[in-house]
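Following: one structure in structure tokens, then a few remarks.
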Number of protein chains: 2
Amino acid sequence: MLSQSIEDYLKVIYDIQSTDGKVTTTSLAGKLGIAPASVTGMLKKLSAKKLVTHKKYQGVQLTESGTKIALEVIRHHRLIELYLKEALGVPWDRVHEEAEKWEHVLSEDIEDRIDKFLGHPTSDPHGSPIPSRDGKIIERDCSCLADIEPGHKAVIAEVSDHDASMLRYLGELGFYPETNIVIDSVEPFNGPMKINIKNKIKILGREVARYIAVTDVKKVA
Amino acid sequence: MLSQSIEDYLKVIYDIQSTDGKVTTTSLAGKLGIAPASVTGMLKKLSAKKLVTHKKYQGVQLTESGTKIALEVIRHHRLIELYLKEALGVPWDRVHEEAEKWEHVLSEDIEDRIDKFLGHPTSDPHGSPIPSRDGKIIERDCSCLADIEPGHKAVIAEVSDHDASMLRYLGELGFYPETNIVIDSVEPFNGPMKINIKNKIKILGREVARYIAVTDVKKVA
DNA sequence: AATATAATTTAGGTATACCTAAATATAAAT
DNA sequence: ATTTATATTTAGGTATACCTAAATTATATT
């Protein structure tokens with residue numbers, strides 16, 4: 001059995017790896033809220049367990065077995081998030097925090113039961129894909145909402161869960177995954193966007209738009 | 001925040017206190033699967049935190065605040081056991097093991113949602129009472145099934161969850177809480193009992209019967 | 001009451017996972 | 001190419017929660 005700490009490291013390494021590409025000691029330390037020196041120590045341990053490859057001063061990469069475990073933890077996390085929302089009505093801005101704890105205590109048996117209850121779902125409440133039991137994950141290629149130009153429509157794919165209050169805010173505005181939107185206008189100098197959701201115009205700051213990923217971007221007819 | 005270990009100690013201290021009365025270092029060590037010397041160390045810590053009173057060589061007792069926390073952990077444990085059974089169909093011989101892990105990661109919010117989902121239940125799948133949110137627990141006074149004499153009827157109150165395989169066995173025989181039974185005969189020399197459950201005669205060893213508590217014992221008319 | 005047995009505590013040690021401060025290596029700026 | 005700044009690692013230290021072996025206290029037996 002791997003410790004909760006190790007599971008957390010692997011999860012975050014996977015996350016950074018698939019976002020920024022390179023995983024550095026500092027980026028890990030930042031996301032985990034741990035001192036860089038402590039991260040170095042843990043990377044040695046992960047390396048000794050063949051979960052990552054680590055050359056001094058050169059960052060880390062997940063090995064095959066490290067990836068497998070990372071995806072298991074991510075699967076747990078996202079299944080739990082969706083389960084809490086669907087089965088217990090927990091609002092989407094609180095599921096992440098709970099899942100952070102639950103992901104480490106979920107047995108395979110309960111995982112399967114939750115998966116079945118939810119009808120073998122493929123994405124969590126924020127639109128992030130749920131890896132399959134055998135460690136396959138479908139990463140859609142998305143665009144950043146902040147970069148979409150006026151006169152285009154799109155579908156919200158994913159909303160970052162890094163800030164609960166931002167999720168609450170976006171929920172109030174109706175920015176949920178799978179929602180159709182039209183970008184009406186975009187103000188210059190990193191200014192706000194006018195976005196049409198269900199025939200209502202919403203004003204969204206560009207900073208916030210950075211945390212929303214969209215797909216199916218097309219010019220409006 | 002208290003550690004998982006501390007929560008486990010308090011829970012087990014409560015359990016022994018309400019069963020055997022006196023809580024000794026050895027009894028704790030036994031139930032927790034920890035060396036007695038280690039228990040001594042932890043008891044010092046619990047004492048420093050005013051969760052127990054501990055005089056050297058004299059065992060421990062929960063303080064008021066220790067009792068409060070113990071009951072919270074027990075409430076978590078038992079709510080989760082029942083939830084796993086009701087919501088996810090987990091068989092009663094497996095819920096204990098899962099709850100041992102989950103009880104430490106349950107937030108007040110989720111606790112309340114589960115409690116509501118279950119309709120504010122008062123006992124878990126094994127018949128143990130669930131403490132209320134404000135720390136009240138109704139301990140019924142039960143008799144041990146092994147001590148009931150022939151010609152008496154009774155109602156199963158509680159079945160010990162200490163051994164999963166025993167629970168599975170008792171489940172197959174139909175020994176669930178709230179079930180009406182009649183003791184038809186009892187063999188001498190610690191011999192087996194003939195018990196009538198739903199008009200079927202079951203033979204139950206006296207050793208196993210020690211782990212079943214009953215209420216409403218009455219002479220059969 | 002003295003002795004043997006059992007329970008408990010003390011002493012010293014381990015693994016995990018973190019910390020700060022200092023040293024060293026890499027990358028960026030001049 | 002040298003200096004400066006940043007990133008990373010090493011060194012030494014802390015808290016938690018466990019361990020074994022030895023010492024001590026309490027309890028039971030004779």
Side-chain angles (χ1 to χ4, degrees), chain A residues 1-17 19-62 66 69-70 73 100-101 103-105, chain B residues 1-17 19-62 66 69-70 73 100-101 103-105:
Chain A
M1 257 302 276
L2 298 171
S3 71
Q4 179 166 327
S5 293
I6 289 180
E7 289 187 352
D8 280 331
Y9 272 83
L10 295 175
K11 184 183 61 170
V12 172
I13 292 169
Y14 184 94
D15 183 46
I16 299 175
Q17 201 167 271
T19 313
D20 310 351
K22 200 183 173 189
V23 185
T24 65
T25 303
T26 318
S27 62
L28 267 174
K31 281 236 180 190
L32 287 163
I34 285 170
S38 307
V39 172
T40 299
M42 183 57 110
L43 292 183
K44 280 183 182 169
K45 176 175 280 184
L46 295 180
S47 188
K49 287 184 185 289
K50 312 253 188 221
L51 297 168
V52 302
T53 53
H54 180 224
K55 275 170 246 148
K56 267 191 195 172
Y57 298 97
Q58 304 295 291
V60 278
Q61 264 196 301
L62 288 172
I69 291 160
V73 179
E100 286 288 305
K101 301 181 293 179
E103 64 191 8
H104 304 293
V105 298
Chain B
M1 259 300 277
L2 298 171
S3 72
Q4 179 167 326
S5 293
I6 289 180
E7 288 186 351
D8 280 331
Y9 272 83
L10 294 176
K11 185 182 60 168
V12 172
I13 292 170
Y14 184 93
D15 183 45
I16 299 175
Q17 202 168 272
T19 312
D20 310 350
K22 199 183 176 191
V23 185
T24 66
T25 303
T26 317
S27 62
L28 267 173
K31 282 238 180 189
L32 288 163
I34 286 170
S38 307
V39 171
T40 300
M42 183 58 112
L43 291 183
K44 279 182 181 170
K45 175 175 279 182
L46 295 180
S47 188
K49 288 183 184 289
K50 311 251 186 220
L51 297 168
V52 301
T53 53
H54 180 222
K55 274 170 247 148
K56 268 192 197 173
Y57 298 95
Q58 304 296 293
V60 279
Q61 263 196 302
L62 289 171
I69 291 159
V73 178
E100 286 288 304
K101 301 180 295 179
E103 64 191 8
H104 305 292
V105 298

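In the text below, chain A, chain B and the rest are named by the order of the sequence lines, each starting its count at 1.
Comparing D/dT20, C/dC18, D/dA11 against the side chain of A/A37 picks out D/dA11 as the nearest. Side-chain proximity of B/P36 to the nucleotides C/dC19, D/dT10, C/dT9 is greatest for C/dT9. Minimum atom distance to the side chain of B/A35 is reached by D/dT20, of the listed C/dC19, D/dT20, C/dT9.
A/S38 comes within contact range of at least one nucleobase, with a heavy-atom separation under 4.0 Å. Within the nucleic acid shown, B/T25 comes within 4.0 Å of sugar-phosphate atoms alone, with no base atom in reach, counting heavy atoms only.
Atom CD1 in A/I6 sits about 9 Å away from atom C1' in C/dT16, given to the nearest Å. The separation between A/L28 atom CG and D/dT9 atom P is 11 Å, rounded to whole Å. Rounded to an integer number of Å, the gap from A/K49 NZ to C/dA15 P is 12 Å. Rounded to an integer number of Å, the gap from NZ of A/K44 to P of C/dA15 is 16 Å. Between B/Y57 atom OH and D/dA23 atom C1' there is a gap of 8 Å when expressed in whole angstrom units.
With a cut-off of 3.5 Å on both Watson-Crick or G-U wobble distances, the partner of D/dT30 is given as C/dA1.
Residues B/K56 and A/S3 both approach DNA chain C. Their nearest nucleotides, taken by heavy-atom distance, put B/K56 toward the 5′ side. Ranked by how close their nearest DNA chain D nucleotide is to the 5' end, B/Y9 and A/S27 are led by A/S27. Between A/S5 and B/Q58, the one whose closest nucleotide on DNA chain C sits nearer the 5' end is B/Q58.
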Evaluation steps, side chain to side chain contact (heavy atoms under 4.5 Å, CB included), between A/L46 and A/H54: CA-CA 9 Å; A/L46 295 180; A/H54 180 224; over 6 Å; no

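Distances shown here put a side-chain N or O of B/K45 below 4.0 Å from the OP1 or OP2 atom of D/dA17.
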